[in-house]
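Treat the numbers as computed from the prediction; the structure is a model and nothing was measured.
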Amino acid sequence: MAHDEPVLTARAGRTAHLTLNRPRALNALTHPMVRTIDEALAAWQGDDDVTAVVISGAGDRGLCAGGDIRVIHEDTRTGAGASPAFWRDEYRLNVRIARYPKPYVALMDGIVMGGGVGVSAHGSVRIVTERSAVAMPETAIGLVPDVGGTYLLSRAPGELGTHLALTGQTIGAADALLCGLADHFVPSGRLDDLRAALAGPEVREAADIREIVRRYGTTAPEGRLDADREWIDACYTAGSVEEIIDRLLGSGEPAAKDAAETLLTRSPTALKATLVAVRRARRTATLEQVIDQEYRASCAALTFPDLQEGIRAQVIDKDRRPRWSPGELSEVTDADVARFSAPPPGGDLGLAAHPV
């Protein structure tokens, strides 16, 4: 395969490799990339000569910064309808990864955000490094966390997932491990040796993969969230986003005040829809059911002005000054929030009824 392809596939020993190969775009996912990954995984699943799959990102900045949201911005501007088709395939890929019958080893080195979480944190062997920067920052652009993000975050200890879903806070290795988004810490300087070992002759079955990863793993540097659990759990159990912000501001903790100030910069509509989504995901049994709901929320976001405005402010013009509509939490109606749970015009994703 040509080295300028956006996804590189290779075999080394009994291990198959996927490399996201758009380093200038932080390996952001496009629709053709999603299809290529899915087709490769489907082929390797039935190949007895493949024991495991490893996914990594080209360049030295990260695995993947998410989906190519410039395309989504164009969709909101023109109404071309490309985004729902992309999400259908992307979300099906996320479920394939979660249900993959062979070890799926994700090297979550550097930036891993949004869609990057989707192609890594559902894997069975998830590796972070001291350079890992993991986040679901969707509320900053007027979206609800997707790619199974509400499922993953709803299962983090206490209210940590609610905090991360609403603020979009970026976390490092230790906090990713604490929240259940990763399994192992391997220093970045050992990743090349790990790759070589995974391609070596000792890999004969799935158990060999996990043993090799454990051999290269060590203890992650201390994170932040464990020390913040008390105020996070106390504040984020509130019944509304407004009350959460009031509790954060009144807690007396500088970090809580910072979180409140962050929330006040996010899309009010997306915040309210996200709180509902995370709490519903916590009560929902399967990833497929949650992703079906996320698909509804993503399609609904296309009909609100905040998605176009959020992407403009963060990615197009980069002025970081979105003008949300409505601009205040008090102006977001129950009917607005309910639209994020309604079936989209093109029909539901239907993963729960028809698994991948």
Side-chain angles (χ1 to χ4, degrees), residues 20 26-27 52-57 59-66 97-98 103-137 145 147-149 151-165 167-198 207-233 236 253-256 258-259 262:
L20 306 183
L26 289 173
N27 300 317
V53 175
V54 177
I55 187 167
S56 60
D60 58 4
R61 299 172 67 190
L63 172 65
C64 175
I97 291 168
Y104 180 96
V105 183
L107 303 184
M108 301 170 69
D109 186 36
I111 293 171
V112 185
M113 296 183 179
V117 173
V119 297
S120 60
H122 294 297
S124 54
V125 184
R126 305 163 301 174
I127 296 167
V128 284
T129 77
E130 77 284 357
R131 302 191 303 192
S132 294
V134 183
M136 293 297 296
V147 299
Y151 179 88
L152 293 166
L153 293 175
S154 72
R155 282 145 174 82
E159 294 294 327
L160 293 180
T162 310
H163 169 64
L164 296 178
T167 63
Q169 178 181 323
T170 300
I171 58 175
D175 290 334
L177 292 164
L178 172 65
C179 291
L181 301 175
D183 309 298
H184 305 276
F185 174 81
V186 175
S188 60
R190 303 195 73 187
L191 288 181
D192 286 345
D193 291 339
L194 173 61
R195 285 190 186 91
L198 292 175
D208 298 328
I209 296 289
R210 294 182 172 86
E211 176 56 35
I212 289 169
V213 171
R214 283 193 290 269
R215 190 186 310 160
Y216 282 85
T218 186
T219 302
E222 188 175 357
R224 288 186 50 189
L225 290 181
D226 197 36
D228 290 342
R229 274 289 303 276
E230 185 174 354
W231 65 260
I232 287 175
D233 288 350
Y236 285 91
E253 292 285 345
D258 290 343
T262 295

Original post:
Are there more than 12 heavy atoms of other residues, nucleotides or ligands under 6.0 Å from atom CD of E211?
Top reply: yes
**OP:** Could you pull out the closest heavy-atom pair between G116 and L63, with the gap in Å?
**Re:** O-CD2, 4.0 Å
**OP:** Would you check if the side chain of D175 reaches a backbone N or O of G223 as a donor-acceptor pair within less than 3.5 Å?
**Re:** no
Original post:
Distance-only, no hydrogens or angles: does the S56 side chain make a donor-acceptor pair with backbone N or O of L107 under 3.5 Å?
Top reply: no
Original post:
If you round to the nearest 0.5 Å, how far is CZ of F185 from OG1 of T219?
Top reply: 9.0 Å
**OP:** Over all heavy atoms of both residues, which pair between A220 and A173 is shortest? Give the atoms and the distance, please.
**Re:** CB-CB, 4.2 Å
**OP:** Evaluate whether atom CZ of R155 has more than 12 neighbouring non-hydrogen atoms of other residues, nucleotides or ligands under 6.0 angstrom away.
**Re:** yes
**OP:** Starting from the C-alpha separation in whole Å, work towards a yes-or-no answer on side chain to side chain donor-acceptor pair (under 3.5 Å) for T129 and D109.
**Re:** CA-CA 6 Å; T129 77; D109 186 36; 2.5 Å; yes
Original post:
What distance separates I127 CD1 from R190 CZ, expressed to the nearest 0.5 Å?
Top reply: 11.5 Å
Subject >> Short side-chain to backbone donor-acceptor contact, E130 and S188, under 3.5 Å >> reply: yes
Original post:
If you take all heavy atoms of A259 and T167, which pair is closest and at what distance?
Top reply: O-CG2, 4.3 Å
Original post:
Any salt bridge between R229 and D226, counting N to O under 4.0 Å?
Top reply: no
Subject >> Atom pair CG (L178) and CZ (R224), whose distance is rounded to the nearest 0.5 Å >> reply: 13.0 Å
Original post:
For the side chain of H122 and the backbone of V147, is there at least one donor-acceptor N/O pair under 3.5 Å apart?
Top reply: yes
Subject >> Smallest separation among heavy atoms of P103 and S124, with atom names >> reply: CA-OG, 3.4 Å
**OP:** Verify, without hydrogens or angle tests, whether Y104 (side chain) and I55 (backbone) share a donor-acceptor contact under 3.5 angstrom.
**Re:** no
Original post:
Do S132 and V112 come within less than 4.5 Å of each other through their side chains, counting heavy atoms only?
Top reply: no
**OP:** Given side chain to side chain contact (heavy atoms under 4.5 Å, CB included), test L225 with L164 step by step and report yes or no.
**Re:** CA-CA 10 Å; L225 290 181; L164 296 178; 4.2 Å; yes
Subject >> Residue pair M113 / I111: nearest heavy atoms and the distance that separates them >> reply: CG-CG2, 3.9 Å
Original post:
Closest heavy-atom contact between A135 and V117?
Top reply: O-CG2, 3.7 Å
**OP:** Would you please classify the geometry between the H163 ring and the W231 ring as parallel, tilted or perpendicular, with 30° and 60° separating the classes?
**Re:** perpendicular
**OP:** Please round to the nearest 0.5 Å and tell me the distance separating atom CD of E159 and atom OG of S154.
**Re:** 10.5 Å
Original post:
R126 side chain to G180 main-chain N or O, any donor-acceptor pair under 3.5 Å?
Top reply: yes
Subject >> CG on L181 to CE on M136, rounded to 0.5 Å >> reply: 9.0 Å
Original post:
CZ/R215 to CG/L194 distance, rounded to the nearest 0.5 angstrom?
Top reply: 10.0 Å
